[in-house]
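Values below: all heavy atoms of this structure, side chains included; hydrogens, waters and symmetry mates excluded. Chain A is the first sequence line, chain B the second, and so forth, proteins listed ahead of strands; every chain is numbered from 1.
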2 protein chains.
Amino acid sequence: MKDKRIQIIETALGLFAEKGFEGTSIRDIAEKASVNVAMVNYYFGTKEKLFERIVEYKSATTRGLLDEIQKNESITPIQKIEAVIDSYIEKLFTHRMFHRLIQQELILNQRESLQNSIVNNFIPNANIVKNIIESGIKKGDFKKVDLELTIATLNGTINQVLLSRKFCNRLMNKSDDYIPYEDIKFKKRVSVHLKQLMHSHLLNN
Amino acid sequence: MKDKRIQIIETALGLFAEKGFEGTSIRDIAEKASVNVAMVNYYFGTKEKLFERIVEYKSATTRGLLDEIQKNESITPIQKIEAVIDSYIEKLFTHRMFHRLIQQELILNQRESLQNSIVNNFIPNANIVKNIIESGIKKGDFKKVDLELTIATLNGTINQVLLSRKFCNRLMNKSDDYIPYEDIKFKKRVSVHLKQLMHSHLLNN
DNA sequence: AAAACTTAATTAAACGTTTGTTTAATATTA
DNA sequence: TAATATTAAACAAACGTTTAATTAAGTTTT
């Protein structure tokens with residue numbers, strides 16, 4: 001069964017995202033995935049290589065449709081931004097465990113090679129958004145905003161609600177066991193907020 | 001010398017912020033702080049208690065002046081928001097190592113008691129900002145925006161640039177060894193962006 | 001002020017666990 | 001039969017923590 005490799009990957013992803021890389025032992029992973037401890041090293045060599053494989057595996061399934069949005073000539077810049085927002089929210093909420101993993105790795109200054117590959121995966125996405133805003137400015141639709149920090153605001157807002165459930169719940173006056181990420185209403189709420197925010201931030205008049 | 005305790009705290013703060021709690025060993029801390037390994041346990045009991053002491057110690061020195069901004073009746077709501085933005089940026093940039101520590105802890109689901117105390121420290125601050133925006137809405141100065149998500153946007157934008165230097169630098173087309181957090185121009189840039197953003201987001205007309 | 005005593009600070013070494021990883025034997029599949 | 005998968009056991013290294021001995025500092029007694 002080649003499923004066992006994937007079973008290990010999925011289990012490790014969950015544990016890494018929840019407890020961190022150093023906070024998760026191979027024995028934790030093996031037990032939760034119901035495999036022998038040695039299987040992890042047998043399939044992936046080392047713990048660090050397992051981590052890299054997870055990033056590879058998930059990156060492949062997470063590749064974006066942002067290009068299509070950018071190239072679509074039948075919609076206005078602000079409509080493109082709205083499409084980007086919905087695409088972002090959908091992607092990050094759906095793959096939120098992977099996203100947590102990535103964000104943790106970005107904060108930590110360990111495993112530099114991984115940092116680079118993560119950043120290199122992010123930058124093209126950011127550049128697409130950048131281009132959309134730039135062309136909106138050229139067209140006269142958008143104000144001359146700070147491109148990079150506008151992107152930081154988009155990412156940052158979603159991260160803020162996505163990375164700490166407890167903080168998010170307290171802020172929203174929800175009980176601690178509420179899981180906002182599975183609530184369609186909450187996703188919609190974030191979408192509406194970001195669209196309104198970008199409307200007033202970007203649009204002239 | 002009671003300085004040694006503080007020396008350990010400061011060193012541990014730096015290492016925890018950089019390498020994470022589980023990624024930092026007591027021997028790492030002791031070596032970098034030039035003290036014997038046993039001193040850490042002698043002073044703080046356990047590694048986890050050391051962590052708690054760091055949070056205590058730093059929380060005390062980081063207590064806010066947000067209350068004063070709120071109570072100041074000689075300035076308008078939007079001026080209050082601007083003051084909050086500058087206060088936030090100043091505080092988080094200055095204590096950015098502590099802030100990294102806190103954010104890491106919020107993402108991870110370990111050490112629940114610490115999570116609670118962190119969240120409980122944050123919520124009052126958030127509520128002050130909430131009150132300012134609410135009173136701005138009542139006065140008719142502000143639009144009826146999503147209160148909680150507006151706060152998430154404020155926090156999230158600053159976090160986004162503060163938590164990953166590499167990502168931040170790539171986004172800004174700076175070299176990898178550039179340290180934006182020590183650059184006054186960069187701080188100013190974030191301030192200007194956030195103020196513009198909140199102006200168009202909050203203000204009527 | 002010196003000596004005696006008491007507490008606190010500091011050290012090197014050791015403790016028992018847990019860690020990631022490897023081995024060597026066994027079972028399974030092709 | 002040959003390659004692959006799986007296992008329990010063992011490995012050395014690193015971990016947080018404790019111990020027991022030594023030094024320094026502070027206090028009390030003479």
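Atom CG of A/Asp3 and atom P of D/dT6 are 10 Å apart (whole Å). Here D/dT17 presents its P atom at 9 Å from CD of B/Glu48, a figure rounded to the nearest Å.
Take B/Asp28 and apply the side-chain hydrogen bond (donor to acceptor under 3.5 Å, both in side chains) test, not counting sequence neighbours, and it matches B/Ser25. In this view, B/Asp177 and B/Ser175 satisfy the side-chain hydrogen bond (donor to acceptor under 3.5 Å, both in side chains) rule, not counting sequence neighbours. Partners of A/Thr46 by side-chain contact (heavy atoms from CB on, under 4.5 Å), not counting sequence neighbours, listed by chain and number: A/Glu48, A/Lys49. For A/Tyr42, the side-chain contact (heavy atoms from CB on, under 4.5 Å) criterion is met by A/Met39, not counting sequence neighbours. By the side-chain hydrogen bond (donor to acceptor under 3.5 Å, both in side chains) test, A/Ser74 is found to be paired with A/Asn72, residues two or more places apart in sequence or in another chain being considered. Scanning for side-chain contact (heavy atoms from CB on, under 4.5 Å) contacts around A/Gln196 gives A/Val192, with sequence neighbours left out. Scanning for side-chain contact (heavy atoms from CB on, under 4.5 Å) contacts around A/Glu148 gives A/Lys130, A/Asp146, B/Leu171, B/Met172, B/Arg189, with sequence neighbours left out.
For the segment residues 12-33 of chain B, the set of residues with a heavy atom within less than 4.0 Å of an atom of DNA chain C comprises B/Arg27, in numerical order.
Closest to the side chain of A/Lys47, out of C/dG20, C/dT10, D/dT6, is C/dG20.
Judged as a salt bridge (Lys or Arg N to Asp or Glu O under 4.0 Å), not a single pair has a partner in residues 72-83 of chain B (not counting sequence neighbours). Judged as a salt bridge (Lys or Arg N to Asp or Glu O under 4.0 Å), the pairs with a partner in residues 83-110 of chain A (not counting sequence neighbours) are, in order, A/Asp86-A/Lys195, A/Glu90-A/Lys187, A/Arg96-A/Glu182, A/Glu105-A/Arg111.
For the helix from C/dA1-D/dT30 to C/dA30-D/dT1, the end axes, each set by the C1' atoms of five terminal pairs, are bent relative to each other by 10° (nearest 10°).
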### Summary
Each nucleotide of nucleotides 22-30 of chain C classed B (base within 4.0 Å of a protein heavy atom), S (only sugar-phosphate) or -, in 5' to 3' order, makes B--------
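Here the shortest heavy-atom pairing between B/Arg165 and B/Pro180 reads CG-CD, 3.8 Å.
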